[in-house]
Amino acid sequence: AHSYTKYNTWTDIVAWMSSMTSSSSGLMTKQVIGNTYEGRAMTVLKIGKASSSTKPAIFMDCGIHAREWISPAFCQWFVKEALSTYGTDSQMTSLLDQMDVYVLPVFNIDGYDFTHKSNRMWRKTRSRRSGSSCIGADPNRNFDAGWCSMGASSNPCSDTFCGYTPESEIEVKNVADFIRRNKSTIKAYLTIHSYSQLLLFPYSYTYDLAADHNELMKVAEGASSALRSLYGTRYTSGPGATTIYPAAGGSDDWAYDLGVKYSYTFELRDTGRYGFLLPESQIKPTCEETMLAVKYIAAYVQKNL
Ligand code: 0X9
Ligand code: ZN
Ligand code: ZN
């Protein structure tokens with residue numbers, strides 16, 4: 001059964017998406033953006049007060065990397081909080097009145113399912129190609145942003161394999177198509193990973209600073225302070241290349257170069273004690289503090305529409 005303080009299986013998440021949509025009084029709708037390599041439906045949840053005109057939006061995905069289980073847990077938490085605090089929390093109400101939030105709870109569903117059933121430490125997709133017996137590519141090396149130029153591998157057996165071509169992974173293609181299709185409305189792109197407690201922004205495929213570096217840094221610092229205010233959890237902010245490592249083909253750089261200015265990668269708890277195996281007892285505090293950072297960014301974006 002589904003629980004916000006447990007790591008849910010894909011089967012539990014599918015049922016949860018349906019029941020949450022049904023009970024949302026029209027505040028949330030579901031949209032399939034395509035299927036994964038193994039045929040699972042990639043479902044984007046659109047949360048926001050219905051409107052006859054198209055509203056500006058924020059896109060957030062979780063679970064690009066299969067083993068980072070705290071990430072899908074956060075997307076589920078966010079949906080719960082959005083639906084349950086709309087109408088009582090003034091910021092959430094104003095946000096969802098004015099904007100839509102698109103949430104993709106699990107990006108790499110095939111990989112996520114594999115981590116539950118076979119190999120807890122799997123990272124990549126589960127696609128196969130003749131010519132190699134190794135499976136999958138790193139979805140966060142497969143976007144068309146300096147593709148495979150640095151910090152990525154062209155070896156199909158590597159955990160950071162960039163894929164055979166940009167968007168060779170159907171999951172990446174489906175998300176990129178969705179964002180391209182909604183390019184004029186999407187004002188922010190948030191992607192949730194773990195672990196290391198970082199708030200990263202472009203670029204990672206080059207050491208060049210983004211044109212909006214100062215503003216992106218200011219917003220990241222504000223979001224990190226908001227996060228820290230709850231339990232004292234410390235985050236480091238900065239461009240990917242110098243804050244974590246140079247790595248091309250990432251979704252954040254790709255969205256930014258497409259024109260989505262507020263493009264951020266979160267690396268949630270912890271800093272390595274448990275790493276990807278973050279205990280379920282930390283789901284609630286991690287999600288509560290991360291909500292503050294996401295809401296900080298959302299409020300900034302909303303104020304600067
Ligand atoms: O390497 C990654 O893809 C991310 N770290 S993780 O440990 N979750 O794998 C960092 C991504 C930073 N952004 C880009 N490299 N574009
Ligand atoms: Zn269950
Ligand atoms: Zn990751």
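First listed ligand is number 1; within each ligand, the first listed atom is number 1.
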Original post:
Is Asp138 in polar range of ligand 1, meaning some N or O pair under 3.5 Å apart?
Top reply: no
Subject >> Proximal ligand 1 atoms for Asp252, defined as those under 4.0 Å from one of its heavy atoms >> reply: 12 (C), 13 (N), 14 (C), 16 (N)
Subject >> For Val301 against Ala188, the heavy-atom pair lying closest together >> reply: CG2-CB, 4.0 Å
Subject >> Ion pair Arg180/Asp177, N-O distance below 4.0 Å >> reply: yes
Original post:
With sequence neighbours left out, what residues match Asp89 under side chain to side chain contact (heavy atoms under 4.5 Å, CB included)?
Top reply: Thr85, Gln91, Met92, Lys295
Original post:
Hey, any chance Ile64 and Ile244 share a hydrophobic cluster, counting ILVMFWY side chains that come within less than 4.5 Å of each other, even indirectly?
Top reply: no
**OP:** If you have a sec, work out which protein heavy atom is nearest atom 8 (N) of ligand 1 and how many Å separate them, to one decimal?
**Re:** Glu68 OE2, 2.9 Å
**OP:** May I ask whether Gly250 places a heavy atom under 4.0 Å from ligand 1?
**Re:** yes
**OP:** Give every protein N, O or S atom lying under 2.8 Å from the Zn ion (ligand 3), naming each by residue and atom.
**Re:** His65 ND1, Glu68 OE1, Glu68 OE2, His193 ND1
Original post:
Excluding sequence neighbours, so at least two apart, what forms side-chain hydrogen bond (donor to acceptor under 3.5 Å, both in side chains) with Arg123?
Top reply: His65, Asp138
Original post:
So does Glu289 pair up with Arg269, basic N to acidic O under 4.0 Å?
Top reply: yes
Original post:
Which ligand 1 atoms are under 4.0 Å away from a heavy-atom of Arg123?
Top reply: 1 (O), 2 (C), 3 (O), 6 (S), 9 (O)
**OP:** Taking Thr125 for its side chain and Ala137 for its backbone only, find out whether a donor-acceptor pair lies under 3.5 Å.
**Re:** yes
Original post:
Regarding Arg126 and the six-membered ring of Tyr37, is the cationic atom NZ or CZ under 6.0 Å from the ring centre and inside 45° of its axis?
Top reply: no
Original post:
Are any of the N/O atoms in Ala247 less than 3.5 Å from those in ligand 1?
Top reply: yes
Subject >> Charged tip of Arg120 within 45° of Phe276 ring normal and under 6.0 Å >> reply: no
Original post:
Distance under 6.0 Å and angle within 45° of the ring axis: does Lys49 meet both against Tyr86?
Top reply: no
Original post:
Counting only heavy atoms not in Arg234, do more than 12 sit closer than 6.0 Å to its CZ atom?
Top reply: no
Subject >> Under 4.0 Å to a heavy atom of Asn140 - the qualifying atoms of ligand 1, by number >> reply: 2 (C), 3 (O), 11 (C)
Subject >> With sequence neighbours excluded, residues passing side chain to side chain contact (heavy atoms under 4.5 Å, CB included) with Thr242 >> reply: Tyr207, Pro239
**OP:** Would you mind listing which atoms of ligand 1 come within a distance below 4.0 Å of any non-hydrogen atom of Tyr245?
**Re:** 1 (O), 2 (C), 4 (C), 5 (N), 6 (S), 7 (O), 9 (O)
Original post:
Less than 3.5 Å between some nitrogen or oxygen of Ser251 and one of ligand 1, yes or no?
Top reply: no
Original post:
Can Glu169 and Lys124 be counted as an ion pair, charged N to O under 4.0 angstrom?
Top reply: no
Original post:
So which bit of Tyr195 gets within less than 4.0 Å of ligand 1, heavy atoms only: side chain, backbone, both or neither?
Top reply: neither
Original post:
What residue and heavy atom of the protein are closest to atom 14 (C) of ligand 1, and at what distance?
Top reply: Ser204 OG, 3.1 Å
Original post:
So is Thr265 polar-close to ligand 1, meaning N/O to N/O under 3.5 Å?
Top reply: no
Original post:
Hey, does Tyr205 sit under 4.0 Å from ligand 1 if you only count heavy atoms?
Top reply: no
Original post:
Heavy-atom contact under 4.0 Å between Ser194 and ligand 1?
Top reply: yes
**OP:** Can you sort out which atoms of ligand 1 are near His193, meaning under 4.0 Å from one of its heavy atoms?
**Re:** 8 (N)
Original post:
Could Glu38 and Arg40 be called an ion pair, given the rule that one side-chain N must be under 4.0 Å from one carboxylate O?
Top reply: yes
Subject >> Nearest-contact summary for atom 4 (C) of ligand 1 - protein heavy atom, Å >> reply: Glu267 OE2, 3.1 Å
